[in-house]
Amino acid sequence: MSDNLLFIKKFFRHGTKIASIAPSSPWLSRATVRNVDWSKAKVVVELGAGTGPITKVIAEKVRPETRVIILERDPDFSQLLKERYSQIPNFDVIEGDVRDLATMLRERGIDQVDYVISGLPVPSFPKDFQREYFDVVRNVLAPDGEYSQITELALVYQGLYKKYFERVKFIFEPRNFPPAGAYHCKGMKQPG
Ligand SMILES: C[S@@+](CC[C@H](N)C(=O)[O-])C[C@H]1O[C@@H](n2cnc3c(N)ncnc32)[C@H](O)[C@@H]1O
């Protein structure tokens, strides 16, 4: 089955848990990781990788010394990601929920990561889970680390990311279907 077909089937079955009708385009995938300094990154984590369009760009750009952790909750998506990426020595594809990210990283000897790249449907999370989610990110992201987030509604959720980060930059990508973009965020704020 093609990635597009699998994705649309999942969307009709799970709705806001998938939150998109098509995988990110190559343009959106590249825009999402444009902030990454590949020469310095020691650990990169991708959350909600789906069928792996952003994973593909990461695989093209990353150095073999950088550890890459790919997390996906859906069993069919994670199986597909394992088939495509788990043979790359510095890649680790995990089927699991982002709530358990810190534990899963600790089990692999990782305390801090340099880049979190999220394809998760964060605005669709219930409010208390949103807070819990950003606590998870704060817990693992290095103080000078960066957070990237895909979005399908240009600029609409800028306020949400500004609540959690000092600096938020939005990149619009009109070639995606539907037109979309990415937030690049730095300087995670302390809670309260
Ligand atoms: C909008 S899709 C993005 C897929 C892919 N990154 C892309 O750009 O095409 C969101 C993905 O997040 C996954 N997801 C949703 N909630 C999750 C959670 N709590 N933990 C891990 N993955 C989750 C979904 O299964 C889905 O694959």
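Order of listing sets the numbers, starting from 1, for every ligand and every atom in it. All heavy atoms count here, side chains included; hydrogens, waters and symmetry mates do not.
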Ile54 heavy atoms within 4.0 Å reach ligand 1 at atoms 8 (O)

Interatomic distance, CZ@Phe77 vs CG@Leu6, rounded to 0.5 Å, equals 4.5 Å

In ligand 1, the atoms that come under 4.0 Å of a heavy atom of Pro121 are 10 (C), 12 (O), 15 (C)

By salt bridge (Lys or Arg N to Asp or Glu O under 4.0 Å), Asp76 pairs with (sequence neighbours left out) Lys10

request  = Would you please classify the geometry between the Tyr147 ring and the Phe165 ring as parallel, tilted or perpendicular, with 30° and 60° separating the classes?
outcome  = parallel

Item to check | Sidechain N-carboxylate O distance under 4.0 Å for Arg67, Asp114 | outcome: no

Val98 N/O under 3.5 Å from ligand 1 N/O: yes

Numbered in order shown, the ligand 1 atoms found under 4.0 Å of a heavy atom of Ile150 are 8 (O)

Applied to residues 162-173, the side chain to side chain donor-acceptor pair (under 3.5 Å) test, sequence neighbours excluded, yields Glu173-Arg175

ask   = Using a distance-only test with no angle check, is there a side-chain donor-acceptor pair under 3.5 angstrom linking Asn4 and Ser2?
value = no

Quick note on ligand 1: atoms under 4.0 Å from a heavy atom of Ser24 include exactly 7 (C), 8 (O), 9 (O)

Judged by heavy atoms only, the candidate from Arg73, Arg99, Glu72 nearest atom 13 (C) of ligand 1 is Glu72

Looking only at heavy atoms, the pair that brings Gln149 and Leu120 closest together is NE2-O, 2.9 Å

Going by the 4.0 angstrom heavy-atom rule, the piece of Ser29 near ligand 1 is neither

If we number the atoms of ligand 1 from 1 as shown, the ones under 4.0 Å from a heavy atom of Pro23 are 9 (O)

Checking Asn35 against Ser148: is there a side-chain donor and acceptor pair closer than 3.5 Å?
yes

For Phe77, the atoms of ligand 1 under 4.0 Å from one of its heavy atoms are 27 (O)

Quiz item: If we only count N/O pairs under 3.5 Å, is Gly48 in contact with ligand 1?
Solution: yes

So the atoms of ligand 1 within less than 4.0 Å of a heavy atom of Gly96 turn out to be 20 (N), 21 (C)

